[in-house]
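Quick caveat, the model's predicted, so the values are computed rather than measured.
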Amino acid sequence: MHAFLLLCSLLLCHGVTVSAQRNIQKLPDEEEESLTQIQTPQTLSRGWGDDIEWVQTYEEGLAQSKLSKKPLMIIHHLEECPYSQALRKAFASSPEIQQMAQEDFIMLNLVHSSSDDNMAPDGHYVPRILFVDPSMTVRADLTGKYGNRMYTYEPEDISTLLENMRQAKLLLHTEL
C-alpha cells in the first residue's frame with residue numbers, strides 16, 4: 001500500500017511537471033499573439049510629424065498662440081481620406097516644413113471639424129490648412145491655388161504651403 005501511494009505521488013508529480021513544461025513552451029507563442037494584438041497608442045502627430053509639438057484642441061492652440069506670439073497652423077484631415085493621406089506623406093517628408101512647424105508655429109491637426117465657423121470659411125472639405133495669428137484672426141489671405149477649395153493643398157503644392165508658412169511668420173511680425 002505504501003508503494004502504491006508513492007507510485008501515485010510520483011505519477012502526479014510527473015504529470016504536473018509535464019503540464020508545467022507544456023505551459024512554459026506555449027507561453028512564448030501566446031506572448032507573440034498578444035503582442036501582435038497590442039497596438040501602439042496614436043500620438044497627436046497622427047503621422048504629420050512626430051518631432052513636432054502638437055496641441056490637443058483648438059482652444060489650447062489659440063491660447064498658446066496668443067501666449068507665444070506664434071501663429072497657429074491648423075490641419076483639417078480625415079484618416080481614411082486618400083487626399084489627406086497623400087498630403088500628410090508630403091508634409092511629413094519635407095524637412096523644411098517640419099523644421100518650420102517645430103520652431104515657428106503652434107501646431108494642431110484635427111480629424112474632426114471645429115465648432116468655430118471661422119475654421120471653414122469656404123466649406124468643410126479635407127484636407128484644409130488654415131493659419132490663425134496670435135490676435136485670433138483667421139488668415140483668410142493665406143490660401144492654396146484652388147478657387148473652389150481655397151485652403152487645400154495637394155502633395156505637389158508643398159512649395160505653396162511653405163510660402164504661406166513664411167508669409168504667416170512675416171506678416172505676423174510686421175503686424176504686431
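Atom CD1 of I97 and atom CG of L162 lie 5.0 Å apart (nearest 0.5 Å). Separating the CG atom in L108 from the CD1 atom in I129 is a distance of 11.5 Å, to the nearest 0.5 Å. To the nearest 0.5 Å, atoms CG (L130) and CE (M150) are separated by 9.5 Å. For the atom pair Q167 CD and D141 CG, the distance stands at 8.0 Å (nearest 0.5 Å). Atom CG in L87 sits 7.5 Å away from atom CD1 in I75 (nearest 0.5 Å). Note that CD1 of I52 and CG of L44 are 11.5 Å apart. Values are rounded to the nearest 0.5 Å.
The side-chain heavy atoms of T152 and Y83, taken from C-beta on, include no pair separated by under 4.5 Å. Counting only heavy atoms from C-beta outward, the side chains of Q99 and Q102 never approach each other to under 4.5 Å. Counting only heavy atoms from C-beta outward, the side chains of K66 and M136 approach each other to under 4.5 Å. Residues V111 and H77 have side chains in contact (heavy-atom distance under 4.5 Å, counting atoms from C-beta outward). Counting only heavy atoms from C-beta outward, the side chains of S68 and I106 approach each other to under 4.5 Å.
Although no hydrogens or angles enter the test, the distance criterion places a donor-acceptor pair under 3.5 Å between the side chain of D157 and the main chain of E154. In this structure a side-chain-to-backbone donor-acceptor pair under 3.5 Å is present from N109 to S45. Between the side chain of S84 and the backbone N or O of E79, no donor-acceptor pair lies under 3.5 Å. In terms of modelled atom types and a separation under 3.5 Å, the side chain of K70 and the main chain of E103 share a donor-acceptor contact. Distance alone, capped at 3.5 Å, is enough to place a donor-acceptor pair between the Y125 side chain and the Y151 backbone. The main-chain N or O of D133 is never found under 3.5 Å from a side-chain atom of T137 such that the two would form a donor-acceptor pair. At distances below 3.5 Å, not a single donor-acceptor pair connects side-chain atoms of R46 with backbone N or O atoms of R88.
Neither V126 nor F131 shares a network with the other; the hydrophobic side chains, linked directly or stepwise wherever heavy atoms of I, L, V, M, F, W or Y lie under 4.5 Å apart, form separate groups for each.
Checked options K69, R166, K169; the residue passing with D104 is K169 (criterion: salt bridge (Lys or Arg N to Asp or Glu O under 4.0 Å)).
Shortest non-hydrogen contact noted between I74 and H76 is CG2-NE2, 3.5 Å. The two residues F105 and M73 make their nearest non-hydrogen contact at CD2-CB, 4.0 Å. Taking both residues in full, the closest heavy atoms of S93 and K89 are given as OG-O, 2.9 Å, listed atom of the first, atom of the second, then distance. Contact detail for G47 and A92: the closest heavy-atom pair is O-CB, 3.5 Å.
Surrounding CD of E163 are more than 12 heavy atoms belonging to other residues, nucleotides or ligands, all under 6.0 Å away.
Classified by interplanar angle (parallel below 30°, tilted 30° to 60°, perpendicular above 60°), the ring pair F91/W48 is perpendicular.
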